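These notes concern the structure reproduced below.
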Amino acid sequence: METINIIIAGPRGRMGREAVKLVHETEGYRLAAVLDRKHGGINMNEMEGFQGIDAPVYSDPEKCFTEVKAEVLIDLTTPDVGMLHAETALTHGIRPVVGTTGFSIDDLERLERLTKETGLGCIIAPNFAVGAILMMKFSQMAAKYFPDVEIIELHHDQKLDAPSGTAVKTAEMIKSIRQSKQQGHPNEKETIEGARGANFDGMHIHSVRLPGLIAHQQVMFGADGQMLTLRHDSFNRASFMSGVKLAVDTVMRQDRLVYGLENIIE
Ligand SMILES: NC(=O)c1ccc[n+]([C@@H]2O[C@H](COP(=O)([O-])OP(=O)(O)OC[C@H]3O[C@@H](n4cnc5c(N)ncnc54)[C@H](O)[C@@H]3O)[C@@H](O)[C@H]2O)c1
Ligand SMILES: O=C(O)C1=N[C@H](C(=O)O)CCC1
């Protein structure tokens, strides 16, 4: 088995720490370096909580991708930084696996162009949890029969982007099979701005942020006299790691942009 050399961006973050553990403990993976905005120039084992993990730390992505031999970048940072990392990685022949959420349609189009130019795979996964992928797929199936839908996503209160990447992806998947529909009463009026949530092609997305939560989503379908609710809960960040591993293994065989793990799980 060929070793996959991996760079992780955002190793001290909530997701980054889990990803470091995954790469460190997986046979056939080697942690080649990490990208950390503060600690460039030291070794990981000098950083708190990473004793016994030997990898150089960089703060400058350009320098990191030039000096380090790696096949894959796992990015778990913030949208603007994640976009810069993904583009820079591709131009250095490194395949990005991006868990960072909050990318715009423009960002996705730019990355798609870059993958076509370089012939390299890139996976953008708004949610790595297999259960969440199933919830999105089931929601897409249900929307064929229940066009009236509201999405409620619930996350911890340190989350930067709203709506969540998962909610946006769910809405996009529903939109792909549903005729555009403005839901609710045609004359409805918000007496407090935002009361009806975000409007995506007529369906509404509500974002809840509370301490204690991790990542949760409920998709509610209403029809005359009945309701169908699909819900997924991630109770810890280890729940995302089998999806990260699937993405790393798959990106090695891809030559284009893949947006969403639903396109690669069988
Ligand atoms: N796809 C999924 O399944 C999934 C799951 C959880 C979180 N996320 C997303 O992953 C991202 C990270 O989430 P989190 O909860 O770990 O956040 P976090 O705030 O705990 O971690 C983000 C890390 O990025 C680092 N960072 C910021 N700028 C940097 C830079 N220039 N260079 C290197 N590192 C930099 C920060 O120091 C921080 O450690 C978010 O966008 C979140 O929405 C995705
Ligand atoms: O913790 C977060 O932030 C998460 N973000 C993802 C999203 O935006 O959908 C999914 C899981 C957790």
Side-chain angles (χ1 to χ4, degrees), residues 7-22 33-41 44 47-50 57-65 73-89 96-104 107 123-133 135-136 151-173 198 205 207-219 232-248 258-262 265:
I7 297 170
I8 296 177
R12 283 181 300 117
R14 288 173 288 262
M15 280 292 279
R17 282 178 189 275
E18 284 294 335
V20 168
K21 190 163 171 274
L22 170 80
V34 295
L35 262 172
D36 181 284
R37 68 177 156 169
K38 269 198 192 149
H39 294 99
M44 271 217 94
M47 275 164 56
E48 205 188 318
F50 295 108
V57 182
Y58 286 83
S59 291
D60 177 357
E62 188 72 44
K63 185 166 153 65
C64 177
F65 301 148
L73 162 75
I74 300 176
D75 190 275
L76 298 160
T77 59
T78 60
D80 46 342
V81 173
M83 185 59 195
L84 171 76
H85 286 170
E87 283 185 304
T88 316
V97 166
V98 181
T100 306
T101 51
F103 280 26
S104 65
D107 291 336
I123 295 180
I124 311 274
N127 201 313
F128 286 116
V130 173
I133 306 299
M135 170 198 54
M136 289 186 246
I151 299 172
I152 305 172
E153 56 96 341
L154 310 91
H155 282 83
H156 58 91
D157 65 348
Q158 297 305 300
K159 186 163 178 58
L160 294 177
D161 52 317
S164 70
T166 309
V168 173
K169 186 67 165 136
T170 308
E172 289 169 352
M173 287 170 70
I205 306 177
S207 297
V208 177
R209 297 290 177 264
L210 284 171
L213 294 172
I214 301 272
H216 317 261
Q217 182 168 292
Q218 189 160 307
V219 188
H232 176 261
D233 298 273
S234 270
F235 297 117
N236 62 36
R237 291 179 177 86
S239 65
F240 301 114
M241 292 303 128
S242 60
V244 174
K245 183 170 186 313
L246 174 71
V248 168
V258 174
Y259 169 47
L261 285 199
E262 69 281 1
I265 62 167

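This one's a predicted model, so the numbers in the text were calculated from it and none came from an experiment. Every heavy atom of this structure was used, including side-chain atoms; hydrogens, water molecules and symmetry mates were not. As the structure lists them, so they are numbered: ligands from 1, and atoms in each ligand from 1.
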[X], portion touching ligand 2 at heavy-atom distance under 4.0 Å:
{"X": "His156", "answer": "side chain"}
{"X": "Ser164", "answer": "both"}
{"X": "His155", "answer": "side chain"}

- Item | Contact check: Gly165 vs ligand 2, nitrogen or oxygen atoms, below 3.5 angstrom |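 Indeed, backbone or side chain, Gly165 has an N or O that close.
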Heteroatom distance test (Asn127, ligand 2): nitrogen or oxygen, under 3.5 angstrom: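 Asn127 vs ligand 2: no N/O contact under 3.5 Å.
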A student checking ligand 2 against Thr166 at a 4.0 Å heavy-atom cut-off should list atoms 7 (C), 9 (O), 10 (C)
The atoms of ligand 2 lying under 4.0 Å from a heavy atom of Thr101, numbered in the order shown, are 6 (C), 7 (C), 8 (O)
Under 3.5 Å between any N/O of [X] and any N/O of ligand 1: does that happen in this structure?
{"X": "Met15", "answer": "yes"}
{"X": "Arg14", "answer": "yes"}
{"X": "Ala125", "answer": "yes"}
{"X": "Thr101", "answer": "yes"}
{"X": "Ala9", "answer": "no"}
{"X": "Gly99", "answer": "yes"}

Closer than 3.5 angstrom, by distance alone: can the side chain of Asp161 be matched with the main-chain N or O of Ser164 as a donor-acceptor pair? no
Practice item. Give a yes or no answer on whether the side chain of Lys169 reaches the backbone of Asn127 with a donor-acceptor pair at less than 3.5 Å. Key: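 Flag not set: sc Lys169 to bb Asn127 has no pair under 3.5 Å.
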### Query
Looking only at protein heavy atoms, which one is nearest to atom 3 (O) of ligand 2, and how far off is it?
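The answer is Lys159 NZ, 2.8 Å.
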- prompt: How far is atom 39 (O) of ligand 1 from its nearest protein heavy atom, and which residue and atom name does that atom have?
  reply: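 Answer for atom 39 (O) of ligand 1: Gly13 N, 3.2 Å.
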- Item | Student check: side-chain heavy atoms of Val208 and His216 closer than 4.5 Å | no
Checklist entry - In terms of side-chain geometry, is the basic nitrogen of Arg12 or Glu48 positioned less than 4.0 Å from the acidic oxygen of its partner? => result no
